[in-house]
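Model, not experiment: these values are computed from the prediction. Below, read A as the first sequence line, B as the second, and so on, with proteins coming before strands; counting in each chain starts at 1.
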2 protein chains.
Amino acid sequence: MRPFFHPALEDIKPDAILYALSDPERVAIFAKLAGTACGGTCSALADLGDRVIPKSSLSNHFKVLRESGLIRSERQGVEMRNQTRCAELDERFPGLVRAILTAYGQLPEQLKTG
Amino acid sequence: MRPFFHPALEDIKPDAILYALSDPERVAIFAKLAGTACGGTCSALADLGDRVIPKSSLSNHFKVLRESGLIRSERQGVEMRNQTRCAELDERFPGLVRAILTAYGQLPEQLKTG
DNA sequence: ATCAACAGTTCCGAATTTCTGAACTACGGA
DNA sequence: TCCGTAGTTCAGAAATTCGGAACTGTTGAT
């Protein structure tokens, strides 16, 4: 198994961010993650209500989110913990993630800072 | 030739917006359009400096921008005039287009309102 | 009217990307 | 050591993207 690749903050490209978040399934995953304090696992995020994302697709979604710079993943025993890089991202691209989640109607409480 | 389709404001979907603007060529086109008062034609926007976009690809880029709701196109004689729907869009998705263009470093003067 | 030039669209095949089931890897517990 | 669980990788089918070539529709000249 290859180790995870995470781009450095300065290497994060807006087109990759937009591409990653142009898929509603990935947005749903990302928004759920942004709404949970401690990192979420893959399988905890697979259930979208109307459909359960297949494992291999889910794995790919996480890869896209990770390599675009939206999340950070870490293996912890048998599972994987994921967390968003919202704080960093907001420094580099002010207001971007916030505006996108808001557009989707999925801005979690945690990010609704006055 | 089929007539142009423009989604109504309430039918515009964020995923389509993000998808359209996840392509740097389309962003360049859109940003140039946003920076010109009167609408720009296709061919006036084909030259990206480092490469000239082929006509058919350009036509497709405009279609994607149009059908996602980012621009409005109108045939005027032999050419086509395009303009952004920034004002409308900002009503529906506050701050979104602004944050995206800023992230790309392509926010035109016209949109830098206090 | 006819023709030529021009702006942009449509068509279609090649190349690339996406999707997902099946096989596989890695870790932890009994 | 063997099993179960979490997630990854592989591979082929399906869908999408790209761009050259042919086409449409408009304007202006003869």
Can you figure out which of C:dT18, C:dG8, D:dG7 approaches the side chain of B:Glu79 most closely? C:dG8
Taking only side-chain N and O atoms of A:Arg75, does any of them lie within less than 4.0 angstrom of OP1 or OP2 on C:dG28? no
Counting C-beta onward and ignoring hydrogens, is there a side-chain heavy-atom pair between A:Met80 and A:Glu74 closer than 4.5 Å? no
Would you jot down, in residue-number order, the residues of residues 54-65 of chain A having a non-hydrogen atom under 4.0 Å from DNA chain C? A:Pro54, A:Ser56, A:Ser57
For A:Met1 and C:dC24, give me the distance from atom CE to atom P, rounded to whole Å. 13 Å
Would you indicate, yes or no, if D:dG19 has its OP1 or OP2 atom less than 4.0 angstrom from a side-chain nitrogen or oxygen of B:Arg51? yes
Has B:Arg2 got a side-chain N or O lying under 4.0 Å from the OP1 or OP2 atom of C:dC11? yes
Does B:Arg2 have any side-chain hydrogen bond (donor to acceptor under 3.5 Å, both in side chains) partners at least two apart in sequence or in another chain, and if so, which? none
Going by an N to O cut-off under 4.0 Å, is there a salt bridge joining B:Glu67 and B:Lys13? no
Electrostatic pair B:Arg92:B:Glu10 at N-O distance under 4.0 angstrom: no
So, are A:Glu79 and A:Arg81 salt-bridged, with charged N and O less than 4.0 Å apart? yes
Residue met sooner reading DNA chain C from 5', once B:Arg66 and A:Glu25 are mapped to nucleotides: B:Arg66
With a 4.0 Å cut-off on heavy atoms, is B:Met80 in touch with a base, just the backbone sugar-phosphate, or nothing at all? sugar-phosphate
Length of the CZ-P vector between A:Arg81 and D:dT5, whole Å: 18 Å
Ranking D:dC18, D:dG7, C:dA26 by distance to the side chain of B:Asp23, first place goes to D:dC18
Output the rounded distance in Å from CZ (A:Phe5) to C1' (D:dT8). 18 Å
Hey, does the Lys NZ or Arg CZ of B:Arg66 hover above the aromatic six-ring of B:Phe5, less than 6.0 Å from the centre and inside 45° of the axis? no
Testing D:dT8, D:dA6, D:dG7 for proximity to the side chain of A:Phe4, the answer is D:dT8
